[in-house]
Colleague: 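Below is a structure I'd like to ask you about.
Side chains included, hydrogens not; waters and symmetry mates left out as well; all remaining heavy atoms used. Naming: A, B, ... by sequence-line order, numbering from 1 per chain. Worth saying up front: this structure is predicted, and the values here are computed from it rather than measured.
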Amino acid sequence: MAAEIPLHSVKDVLTGRSVAPGDQVQVRGWVRTRRDSKAGLSFVQVHDGSCFDALQVVAPGELENYASTVQSLTAGCSVICEGQVAASEGKGQSVELQADRIVAVGMVEDPDTYPVPAKRHTFEYLREQAHLRVRTNTFSAIARVRHCLAQAVHRYYHEQGFYWVHTPIVTASDCEGAGEMFRVSTLDVANLPRDEAGEIDFSKDFFGRESFLTVSGQLNVESYCLALSKVYTFGPTFRAENSNTSRHLAEFWMIEPEIAFADLHDDADLAEDFLKYIFRALLEELPDDMEFFRARIDKTCVERLEAFVESSFERMEYSEAVSLLEQAVEKGTKFEFPVSWGVDLQSEHERWLTEHHVGRPIVVMNYPKDIKAFYMRLNDDERTVAAMDVLAPGIGEIIGGAQREERLDVLDRRIDEMDLDRDAYWWYRDLRKYGTVPHAGFGLGFERTIAYATGMGNVRDVIPFPRTPRSAAF
RNA sequence: UCCCCUGUAGCUCAAUUGGUAGAGCGAGCGGCUGUUAACCGCUAGGUUCCUGGUUCGAGUCCAGGCGGGGGAGCCA
């Protein structure tokens, strides 16, 4: 693999950014298809992940390994190609590579059983081939979108003066209260230590107490917020809920900003500005990939995002949402579940609001206190808390957030009302004793965001190796 | 966890009232062509998810299990 010939990505060659027709270049990648022409040449589509399109490599019959190797190339083979960049004689691409050397680095040992040949596959099948599905158009595009959005998240917060805080993955307290948790233990499950009462003795466990994988970085990040003012987390989150839906994963990534000296309206403003920023970045940076999603996955995804970044979120009080739904019922809309003030909105209600009533994302604010978490700030009406959900068409709840209860006496009252243990929250309560301030934040599900942006219908297809109940292959 | 649907060739699916397995795509070979969802021909490819039951006979009917999908709940 001598290096006299400069290596370039497929993207370099196709965009002409650092390569011009006539240049000698080397390109490395994987074969998507090969088409032979008995005029004595073959066309090999080579992709390397650098962009959506593959590079057409023209292999003349004069290559010394033409018959022995080039004509045996099939989908999935890895190759190194050297040659001259040239304007294409055919339709479908502006430039191509006129190869004078093609090295097969790794052949596909049995093309008949290669799991992802160049043909249509269902997403369900490709989930079982998660190690190879990224070689397809769809999944390589998803990988690039995921990267683009992740980079945009960090760039946005960095530019806005936020600090990225690495909250712990392992949590040794059970006070997070956001759902079922995965236990982390080094105890021998076949021989558990017991105390005198016969209970499992977790003091013998690795951390000297029960420990779990985090279900949210929020409580921890609040402590950093009350010193650094603007912070966020972006990392993996784990929920052991037995949820079997297209929008739940047992392991997913969540972005949780937290801002000090801020109320619920500041929180909603941040959510809106933030989402617009990352979607604008996606539209600008990956037009080819987004065009693919528009053409093959969801015809409306691009116009939806374009409208999203130009319009403002609909904002609505919970009470207003309930009366709208009640009016809809009076006018004949059928819901499976009844609506009345005090009950949580069902999926069908959220869908009606965001898809049917306003047709774009909507922020619902100030929910009844009895259906929300203890740390959400009690409003002056004493019956609602400063909570918000951002609902998106097709996905449902994409953001859940709140202004936090900063008053220790009210927080303690709420902890007691919900039958929780004040001592377990001692350090969280400390934050209210020592220089407390109004503050707020939210959690954005990263996979739901990607699904919304691309029109992909299942979050299992926008994370490389999905973990769901009864499924942790790969 | 609950409700509904589903499991046949590498993949996507057919198979009449229960009667002994078929197509397209993919793959291999050949033909044709600066090709590009290529096209034409030929060939290979099956423990019909598993276990048990009914029957002369089960891909088909019944029971249980396992896997997959959609919806609900929980939530992001």
Side-chain angles (χ1 to χ4, degrees), chain A residues 32-45 53-61 71-72 74-76 86-93 96 98 108 110-129 132 136-137 177-180 215-218 233 236-256 271 295-296 336-337 344-348 350-351 371-373 389-392 395-401 442-452 457-461 463 468-471 473:
Chain A
R32 187 153 277 147
T33 61
R34 185 196 88 242
R35 297 179 295 276
D36 295 331
S37 166
K38 282 303 184 305
L41 66 162
S42 293
F43 300 92
V44 185
Q45 296 292 137
D53 288 313
L55 174 65
Q56 174 159 284
V57 176
V58 182
Q71 288 194 296
S72 302
T74 58
S88 180
E89 293 174 32
K91 292 171 185 156
Q93 60 282 318
E96 61 192 18
Q98 291 286 345
V108 167
D110 182 1
D112 192 31
T113 59
Y114 181 59
V116 288
K119 69 180 292 278
R120 286 188 176 279
H121 300 283
T122 59
F123 292 140
E124 292 78 21
Y125 168 71
L126 288 169
R127 261 171 235 156
E128 296 170 357
Q129 309 295 338
L132 295 171
T136 65
N137 282 332
E180 291 296 310
V215 294
S216 165
Q218 181 204 315
T233 72
T237 306
F238 306 88
R239 306 249 168 114
E241 303 285 351
N242 191 7
S243 297
N244 297 286
T245 80
S246 57
R247 54 193 189 284
H248 288 86
L249 293 164
E251 176 184 293
F252 65 100
W253 287 61
M254 187 156 63
I255 297 143
E256 296 175 288
R296 296 298 181 88
E336 187 184 345
F337 295 94
D344 210 354
L345 300 180
Q346 302 290 319
S347 281
E348 58 175 345
E350 297 180 341
R351 232 181 297 122
I371 59 173
K372 289 294 184 181
D389 283 350
V390 177
L391 312 176
I395 298 291
E397 185 178 341
I398 193 170
I399 280 178
F442 62 80
L444 172 72
F446 192 46
E447 285 74 22
R448 289 184 184 179
T449 305
I450 299 168
Y452 176 74
N458 196 316
V459 291
R460 294 169 195 179
D461 296 325
I463 190 168
T468 55
R470 296 176 306 282
S471 177

Colleague: Between B:A27 atom C1' and A:Asp110 atom CG, what is the distance in whole Å?
Modeller: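 Rounded to the whole Å, the gap is 8 Å.
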Colleague: Taking only residues two or more places apart in sequence or in another chain, which ones pass side-chain contact (heavy atoms from CB on, under 4.5 Å) with A:Thr113?
Modeller: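 Partners of A:Thr113 under the side-chain contact (heavy atoms from CB on, under 4.5 Å) test: A:Asp110.
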Colleague: Report which part of the nucleic acid A:Ser37 touches: base, sugar-phosphate, or nothing (heavy-atom distance under 4.0 Å, all strands).
Modeller: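 A:Ser37: base contact, heavy atoms under 4.0 Å.
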Colleague: Counting the atoms with a prime plus P, OP1 and OP2 as sugar-phosphate, which does A:Leu249 contact under 4.0 Å by heavy atoms, base, sugar-phosphate, or nothing?
Modeller: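 It contacts base atoms.
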Colleague: Strictly below 4.0 Å: does A:Thr74 bring a side-chain N or O up to OP1 or OP2 of B:A27?
Modeller: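 The answer is no; no side-chain N or O of A:Thr74 sits under 4.0 Å from OP1 or OP2.
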Colleague: What is the distance, to the nearest angstrom, from the CG atom on A:Leu444 to the P atom on B:C75?
Modeller: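 In whole Å, B:C75 P and A:Leu444 CG are 17 Å from each other.
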Colleague: Would you say the side-chain atoms of A:Arg239 pair up with the backbone N or O of A:Val215, donor to acceptor, closer than 3.5 Å?
Modeller: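 Confirmed, A:Arg239 side chain pairs with A:Val215 backbone.
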Colleague: Using whole Å, report how far CD of A:Glu180 lies from P of B:U1.
Modeller: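 Checked: the CD to P distance equals 12 Å.
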Colleague: State the CH2-OG1 distance between A:Trp253 and A:Thr233, to the nearest 0.5 angstrom.
Modeller: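 Result: 10.5 Å between the selected atoms.
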Colleague: Within the 4.0 Å heavy-atom criterion, would you say A:Glu251 contacts the bases, only the backbone, or no part of the nucleic acid?
Modeller: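 No contact at all - A:Glu251 keeps every heavy atom at 4.0 Å or more from the nucleic acid.
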Colleague: Using Watson-Crick and G-U wobble pairs whose two distances are both under 3.5 Å, how do you write the pairing of RNA chain B as dot-bracket, with | for links to another strand?
Modeller: (((((((..((((.....[..)))).(((((.......))))).....(((((..]....))))))))))))....
Colleague: How long is the span from the NE2 atom in A:His121 to the OG1 atom in A:Thr136, to the nearest 0.5 Å?
Modeller: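 Reported value, rounded in 0.5 Å steps: 8.0 Å.
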Colleague: Side chain of A:Tyr125: nearest nucleotide among B:U35, B:G10, B:G73?
Modeller: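 Nearest nucleotide to the side chain: B:G10.
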Colleague: What residues, two or more places apart in sequence or in another chain, satisfy salt bridge (Lys or Arg N to Asp or Glu O under 4.0 Å) together with A:Glu96?
Modeller: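 Partners of A:Glu96 under the salt bridge (Lys or Arg N to Asp or Glu O under 4.0 Å) test: none.
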Colleague: For the pair A:Val58 and A:Phe43, evaluate side-chain contact (heavy atoms from CB on, under 4.5 Å) and give the outcome as yes or no after the intermediate values.
Modeller: CA-CA 5 Å; A:Val58 182; A:Phe43 300 92; 4.1 Å; yes
Colleague: Which one, B:C25, B:A27, B:A72, comes nearest to the side chain of A:Pro111?
Modeller: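 Output: B:A27.
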Colleague: So, A:Glu348 side chain and A:Glu336 main chain: donor-acceptor pair closer than 3.5 Å or not?
Modeller: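 Looks like yes, one N/O pair under 3.5 Å.
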Colleague: Could you check how far CD of A:Gln346 sits from P of B:C75, rounded to whole Å?
Modeller: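 Answer to the nearest Å: 11 Å.
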Colleague: I'd like the C1' distance from B:G59 over to B:U20, given in whole Å.
Modeller: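 Taking atom C1' in both B:U20 and B:G59, they lie 11 Å apart.
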Colleague: Please report the distance separating the C1' of B:G41 from the corresponding atom of B:U33, rounded so that it comes out in whole Å.
Modeller: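 B:G41 and B:U33 have their C1' atoms separated by 16 Å.
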Colleague: Measure from CZ on A:Phe43 to P on B:U33 and round the result to the nearest Å.
Modeller: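 Whole-Å distance recorded here is 13 Å.
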Colleague: So A:Asn458 and A:Arg127, side-chain contact (heavy atoms from CB on, under 4.5 Å) or not? Walk me through it.
Modeller: CA-CA 11 Å; A:Asn458 196 316; A:Arg127 261 171 235 156; 3.5 Å; yes
Colleague: Nearest 0.5 angstrom please: A:Ile255 CD1 to A:Ile399 CD1, how far?
Modeller: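 A:Ile255 CD1 to A:Ile399 CD1: 8.5 Å, rounded to 0.5 Å.
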Colleague: Verify, without hydrogens or angle tests, whether A:Glu241 (side chain) and A:Glu180 (backbone) share a donor-acceptor contact under 3.5 angstrom.
Modeller: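 Such a contact is found between A:Glu241 side chain and A:Glu180 backbone.
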Colleague: Under the rule for side-chain contact (heavy atoms from CB on, under 4.5 Å), what residues qualify as partners of A:Arg470, not counting sequence neighbours?
Modeller: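 With sequence neighbours excluded, A:Arg470 shows a side-chain contact (heavy atoms from CB on, under 4.5 Å) to A:Asn242, A:Asn244, given in chain and number order.
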Colleague: Identify which nucleotide among B:U1, B:G34, B:A72 has an atom closest to any side-chain atom of A:Val58, counting heavy atoms from C-beta outward.
Modeller: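 From the listed options, B:G34 comes nearest.
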Colleague: Between B:C4 and B:G24, how far apart are the two P atoms, rounded to whole Å?
Modeller: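 My reading of the P atoms in B:C4 and B:G24 gives 37 Å.
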Colleague: Can you check the distance between B:U48 and B:U8, where both ends of the measurement are the C1' atom (answer in whole Å)?
Modeller: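 To the nearest whole Å, 4 Å.
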Colleague: Only one of A:Leu345, A:Val390, A:Asp389 passes side-chain contact (heavy atoms from CB on, under 4.5 Å) with A:Glu397; say which it is.
Modeller: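 Testing each of A:Leu345, A:Val390, A:Asp389 against A:Glu397, the sole residue satisfying side-chain contact (heavy atoms from CB on, under 4.5 Å) is A:Asp389.
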Colleague: Answer yes or no: is there a donor N or O on one side and an acceptor on the other, between the side chain of A:Gln129 and the main chain of A:Pro115, under 3.5 Å?
Modeller: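 Answer holds: no.
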Colleague: Checking contacts here: which listed nucleotide (B:G34, B:U1, B:C75) is nearest the side-chain heavy atoms of A:Arg247?
Modeller: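 Nearest to the side chain of A:Arg247 among the choices is B:C75.
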Colleague: Distance alone, cut at 3.5 Å: any donor-acceptor contact between the side chains of A:Glu256 and A:Ser216?
Modeller: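 Yes, because at least one side-chain N or O of A:Glu256 sits under 3.5 Å from a partner of the opposite role on A:Ser216.
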Colleague: By nearest atom, which of the nucleotides B:G26, B:G34, B:C74 is closest to the A:Ser243 side chain?
Modeller: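 Nearest to the side chain of A:Ser243 among the choices is B:C74.
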Colleague: Need one value for A:Gln98: base, sugar-phosphate or nothing, where a base atom within 4.0 Å counts as base even if backbone is also close, heavy atoms only.
Modeller: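 Base, at least one base heavy atom under 4.0 Å.
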Colleague: I'd like to know if A:Gln93 reaches the base of B:U35 with its side chain such that a donor and an acceptor end up less than 3.5 angstrom apart.
Modeller: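 It does, because a donor-acceptor pair links the side chain of A:Gln93 to the base of B:U35 below 3.5 Å.
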Colleague: If we ignore hydrogens and angles and just use 3.5 Å, is the side chain of A:Glu447 paired with the main-chain N or O of A:Ile463 as donor and acceptor?
Modeller: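 A pair under 3.5 Å: no.
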Colleague: Quick check on RNA chain B: between A:Thr122 and A:Gln71, whose nearest nucleotide comes earlier from the 5' end?
Modeller: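 Checking each residue's closest nucleotide, the 5'-ward one belongs to A:Thr122.
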Colleague: At under 4.0 Å between heavy atoms, what does A:Glu336 touch on the DNA or RNA strands: base, sugar-phosphate, or nothing?
Modeller: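 No contact at all - A:Glu336 keeps every heavy atom at 4.0 Å or more from the nucleic acid.
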Colleague: Do A:His248 and B:C75 have a side chain to base donor-acceptor pair shorter than 3.5 Å?
Modeller: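 Present.
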Colleague: Any idea which of B:G73, B:G34, B:G71 is nearest the A:Arg351 side chain?
Modeller: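 The listed nucleotide nearest to A:Arg351's side chain is B:G71.
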Colleague: Of the options B:G26, B:U35, B:C75, whose atoms approach the side-chain atoms of A:Ser88 most closely?
Modeller: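 Selected nucleotide (nearest to the side chain): B:U35.
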Colleague: Rounding to a whole Å, what distance do you find between A:Glu350:CD and B:C74:C1'?
Modeller: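 After rounding, the reported distance stands at 12 Å.
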Colleague: Taking only the C1' atom of each, what is the distance from B:G34 to B:G69 in whole angstrom?
Modeller: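 Taking atom C1' in both B:G34 and B:G69, they lie 44 Å apart.
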Colleague: Atom NZ of A:Lys119 to atom C1' of B:G26: distance rounded to whole Å?
Modeller: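 In whole Å, B:G26 C1' and A:Lys119 NZ are 6 Å from each other.
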Colleague: Whole angstroms only, please: what is the CD-C1' distance between A:Glu397 and B:A72?
Modeller: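 After rounding, the gap between these two atoms is 16 Å.
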Colleague: Nucleotides 66-70 of chain B: which of its N/O atoms have a protein N/O under 3.5 Å away?
Modeller:
| residue | atom | partner | partner atom | Å |
| --- | --- | --- | --- | --- |
| B:G69 | OP1 | A:Arg127 | NH1 | 2.6 |
| B:G69 | OP1 | A:Arg460 | NH1 | 3.0 |
| B:G69 | OP2 | A:Arg460 | NH1 | 3.2 |
| B:G70 | OP1 | A:Asn458 | ND2 | 3.2 |

Colleague: Using the C1' atom as the reference point in each nucleotide, state the distance between B:C56 and B:G18 in Å, no decimals.
Modeller: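 Pairwise C1' distance, B:C56 against B:G18, rounds to 12 Å.
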Colleague: Treating primed atoms plus P, OP1 and OP2 as sugar-phosphate and everything else as base, which nucleotides of nucleotides 37-42 of chain B get B, S or - for protein heavy atoms under 4.0 Å?
Modeller: ------
Colleague: When rounded to the nearest Å, what value does the distance between P atoms of B:C5 and B:C61 take?
Modeller: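 So the two P atoms sit 13 Å from each other.
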Colleague: Give me the distance, rounded to whole Å, that separates B:C50 from B:A9 when you measure between the P atoms they each carry.
Modeller: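 That atom pair is separated by 11 Å.
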